[in-house]
There are 2 protein chains.
Amino acid sequence: MSENTTPRLLDNQLCFAFYSASKKFNHFYQDALKPFHLTYPQYITMLALWETSPMTVRELGDHLNLDSGTLTPLLKRLEKQGWITRTRSDQDERQVNVDVTPFAAAQRDEVYARVNDCVDLLSLDGIDYNQFLDQIREVMTELDGISNDHLIGAKMS
Amino acid sequence: MSENTTPRLLDNQLCFAFYSASKKFNHFYQDALKPFHLTYPQYITMLALWETSPMTVRELGDHLNLDSGTLTPLLKRLEKQGWITRTRSDQDERQVNVDVTPFAAAQRDEVYARVNDCVDLLSLDGIDYNQFLDQIREVMTELDGISNDHLIGAKMS
DNA sequence: AATTAATAAATCGTGTACAACTCAATTGTC
DNA sequence: GACAATTGAGTTGTACACGATTTATTAATT
């Protein structure tokens, strides 16, 4: 048990930095996507579907790390706004196939262009993307490795 | 206007990495803090208050980048669970002073120890914290610099 | 002093997140 | 072929997050 009565500053700062940066990035994309009335989670859902469709809710969830409790309402909103269709699979009536509409297919390039134009306004030339992404993914892998079991082991006092 | 019909992969990946890492980190802390029934946003609120208290809701919001719409219900929950007190200022009855309770003061070191123990399970020795944090903050600064005005300028088609 | 502007919190509405649960459909086993 | 176990989606409840509005209070201006 740790006897130190000071929190590990760097780890706290790291987590807070991710937390803050994620919110700011979210915000940035939200603004960029305003003309299309898409939120960031909706946007990454469409990105995944533009790349591969149709997909079941489960497959989408695997791509985005979201469960049906989050996706179902999100997909219903996308459906209502005309971006996607949701249809029960004939082969397996438990699954729902999510597919892009002709409208979404037609909008795709405009969305890409809009996002690219907004990203152009950022000057992130200074950073080495691949090395930076590798570091983030290393942290994520480490976080994935820690299961609840480990945490239970480190009980309080 | 961008003629490219492909999204800028690296920027999308960077945003998604922050988004995913933030969620995983959140989760990690949430598990670590389970014995204290604290969520991550509640934890960083307490961290800020343990460092400086009392603070007004506004001051807290400046530290955490959260507005009263988020903080007020969060603080009410912390109050109900006995971590903080909320009292209208006498000097200026518009503001509410948030202060830690004796209970929270007594729990502080246990929370620190618990978090430290859990962080010990991560092996993040490979990363250069300061350089990593600098990079994240550089991205955040860049994102802060882009105001809505710029984005309006980059209208769609 | 009276009116206006500015500020601080709270409130309301929408949209994630996610745990826990339900329910229907399918699979595996005997 | 019956039945338990599993799976996929949906539902419910709690907790952020934030824009927009509201209300109360203080500060500024005439």
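Worth saying up front: this structure is predicted, and the values here are computed from it rather than measured. Computed from heavy atoms alone, side chains included, the values below leave out hydrogens, waters and symmetry copies. Below, chain A is the first sequence line, B the second, and so on; all start at residue 1.
- For B:R58, the side-chain atoms get nearest to C:dA9 when compared with the rest of C:dT16, D:dG10, C:dA9.
- For residues 75-110 of chain A, the ring-ring contact (aromatic ring centres under 6.0 Å, His included) pairs, not counting sequence neighbours, are A:W83-A:F103.
- Taking side-chain N and O atoms only, B:Y19 has a distance below 4.0 Å to OP1 or OP2 of C:dA17.
- Contact annotation: A:R94 side-chain N/O to C:dT27 OP1/OP2 distance is not under 4.0 Å.
- Under 4.0 angstrom from either OP1 or OP2 of C:dT16 there lies at least one side-chain N or O belonging to A:T39.
- For the OP1/OP2 pair of C:dA17 and a distance below 4.0 Å, the side-chain nitrogens and oxygens of B:H27 include no atom meeting the criterion.
- In this structure, B:Q81 contributes its side chain and B:H37 its backbone to a donor-acceptor pair below 3.5 Å.
- Distance, A:I84 CD1 to D:dA9 C1': 14 Å, rounded to whole Å.
- More than 12 heavy atoms of other residues, nucleotides or ligands shown are found within 6.0 angstrom of CZ on A:R108.
- Side-chain contact check for A:D134 versus A:Q131: every heavy-atom pair is 4.5 Å or farther apart.
- In terms of phosphate contacts, B:K76 brings a side-chain nitrogen or oxygen within less than 4.0 Å of OP1 or OP2 of C:dT11.
- Of the residues in residues 64-74 of chain A, those lying under 4.0 Å from DNA chain D by heavy-atom distance are A:S68, A:G69, A:T72.
- The OH atom of B:Y40 sits 16 Å away from the P atom of C:dA17 (whole-angstrom rounding).
- Note on B:Q91: every side-chain N or O is 4.0 Å or more away from OP1 and OP2 of D:dT25.
- Between the A:T101 side chain and the A:A104 main chain, a donor and an acceptor come within less than 3.5 Å of each other.
- For the residue pair B:D11 / A:Y29, no side-chain donor-acceptor distance below 3.5 Å is found, with atom types taken as modelled.
- In terms of phosphate contacts, B:K80 brings no side-chain nitrogen or oxygen within less than 4.0 Å of OP1 or OP2 of D:dA15.
- For the OP1/OP2 pair of C:dT16 and a distance below 4.0 Å, the side-chain nitrogens and oxygens of A:R77 include at least one atom meeting the criterion.
- Side-chain nitrogen and oxygen atoms of A:Q42 include at least one within less than 4.0 Å of the OP1 or OP2 phosphate oxygen of C:dT16.
- For the pair A:L33 CG and D:dC18 P, the computed distance is 17 Å after rounding to whole Å.
- To the nearest 0.5 Å, atom CZ of residue B:R8 and atom SG of residue A:C118 are 10.5 Å apart.
- Look at B:K23 and you won't find any side-chain N or O under 4.0 angstrom from OP1 or OP2 of C:dA17.
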